[in-house]
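Bear in mind the structure is a predicted one, so any value in this text is a computation, not a measurement. Just follow the structure's listing: the first ligand is 1, and inside any ligand the first atom is 1.
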Amino acid sequence: MSFDLVFFGGTGDLTWRKLMPALFQAFRHGKLPEGGRLLAVARDERSDAEYRAFIQERFTEVEASKRPSDEEFGRFAEMLHYRRMDLSQPAHYAGLKQWVDERGADTVVLFLATSPHLFPQICAQLGAVGLNGDKVRVVLEKPLGQDLKSAQEINRVVRASFSEQQALRIDHYLGKPAVQNLIALRFGNALFEPLWRRESIANIQITLAESLGVGTRGDFYDRTGALRDMVQNHALQLLTMIAMEPPSTSDADAIRDEKLKVLKSLKPFTADSVVRDVVRGQYRAGSVAGQAVPGYLDEKKVPDHSVCETFVALRTEVQNWRWAGVPFYLRTGKRLAARDAHIVVNFRDVPHPIFPGTRQANKLVIKLQPEDGLELHLLAAKGSGNNELLSPVSLDLDFDKAFPSARVGAYERLLLDAIAGRLNLFVRSDEQEQAWRWVEPVLQTWANDPTPPRPYAAGSWGPPAASALVARDGCAWAEEQ
Ligand code: BG6
């Protein structure tokens with residue numbers, strides 16, 4: 001199958017930091033279909049050779065095991081082309097269409113790795129020159145809007161040129177192997193399904209913790225904040241995967257219909273419940289992994305009195321028969337104690353304890369990163385004598401060890417899916433809008449609330465109020481248990 005993969009924003013961070021390394025991995029693993037052309041488009045004048053040199057140079061920033069040798073890069077670079085485009089010029093889109101048409105590849109994927117404010121313009125121009133035929137797909141990278149209204153506006157313009165099946169919204173968390181394993185765990189095995197409900201589960205916690213700060217993205221981040229950057233998309237997508245009903249097939253829409261139902265069942269926030277159930281924080285100076293790091297307000301390009309949140313913890317519920325009354329806690333933040341993304345399913349305690357000593361309910365930990373695996377925590381008898389206390393043990397499954405050669409990274413997987421037209425792991429516009437609808441009261445309440453975010457020291461697990469949020473229900477976060 002021949003394909004053309006075009007990157008708008010071809011010299012930008014996302015392209016060289018994530019997309020090119022992911023494509024190179026796909027190439028190295030022999031997964032990239034033969035007959036592909038990769039075309040980067042951007043504003044400045046460069047030859048193919050100059051662009052290739054630029055990408056090769058950037059590869060020095062990629063972790064060593066994922067870096068190409070000169071020989072490998074030489075072969076990879078044969079696919080790599082560059083084209084100058086002024087995105088406001090219709091003639092430049094006509095030129096691009098001509099470049100694509102001359103070869104007539106089976107599939108054309110247009111990846112918009114630009115700032116989202118350009119999406120409407122790019123999509124309208126692509127439609128105007130007819131670069132939106134059946135074999136064309138457009139990939140949209142987040143952030144897709146700042147709120148419901150702007151997301152709807154982007155979707156309206158995209159829809160004017162591309163059908164829903166042609167528009168692929170990326171949430172790179174859905175490409176992570178652990179997330180596919182979550183679907184496999186739930187719907188490829190019969191073991192957990194009877195337990196996957198309010199009768200057996202006490203609460204569910206989703207943690208997306210980062211140890212990095214905002215880095216050089218202070219200006220972008222300050223307009224965005226953790227709620228828009230991580231909760232509206234990544235955390236909510238994970239929540240839908242955990243809470244959804246079994247889909248009737250593995251088709252993209254069967255899965256996405258079920259995810260949408262979860263989003264529609266989330267307990268709506270009110271101004272009062274935002275104050276009670278949502279904690280926002282902002283990091284202060286501290287130390288991460290033994291290194292002193294500055295506070296958010298001292299980061300480059302961050303305004304002096306910013307009230308932007310770099311941490312969010314919240315409590316919600318999924319209002320349906322399966323989950324009524326079960327708290328779902330989400331938390332995410334920058335400059336936390338560790339890079340650690342995981343989901344904890346806390347089961348209910350035994351109904352009638354007969355053993356002395358330790359009481360500890362079972363829990364299933366789904367680890368997304370840095371490791372990718374599953375842990376099932378149980379109590380067991382050591383067999384060391386009469387009337388012994390039970391001891392905690394865990395069944396550990398490390399997917400990196402179980403499948404040493406077959407793992408592919410999130411962007412690699414999603415790019416291959418985009419080329420192959422597999423839509424399961426892309427977010428449909430109605431899901432995305434529903435997620436905005438749900439976070440909107442939080443954004444509005446914060447906009448009207450002069451109280452600044454709660455401070456937390458870099459290197460901690462966030463403000464103490466996040467612990468109080470779960471303690472109120474008699475629960476604790478994983479690291480506090
Ligand atoms: C992005 C956010 O979507 O996800 C970043 O914009 C965040 O702020 C990143 O750092 C986290 O992704 P990962 O895969 O490193 O957990």
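The protein residues lying under 4.0 angstrom from ligand 1, judged by non-hydrogen atoms, are Lys142, His172, Tyr173, Lys176, Glu210, Arg217, Asp229, Met230, His234, Lys334, Arg339, Gln369.
Checked against Arg169 for a salt bridge (charged side-chain N to carboxylate O under 4.0 Å, His left out), the options Glu433, Glu164, Glu431 give a single hit: Glu164.
Sequence neighbours left out, not one pair with a member in residues 288-306 passes salt bridge (Lys or Arg N to Asp or Glu O under 4.0 Å). Sorted by first and then second residue, the ring pair (Phe, Tyr, Trp, His ring centres under 6.0 Å) pairs involving residues 204-237 (not counting sequence neighbours) are His172-His234, Tyr173-His234.
Remark: Arg284 is not positioned above the aromatic ring of Tyr456, lacking an NZ or CZ atom under 6.0 angstrom from the ring centre and at most 45 degrees off the axis.
Listed by chain and residue number, Asp222 satisfy the side-chain hydrogen bond (donor to acceptor under 3.5 Å, both in side chains) test with Ser306 (two or more places apart in sequence, or in another chain).
The residues Arg335 and Glu210 are annotated as not salt-bridged, no charged nitrogen and carboxylate oxygen being separated by less than 4.0 angstrom.
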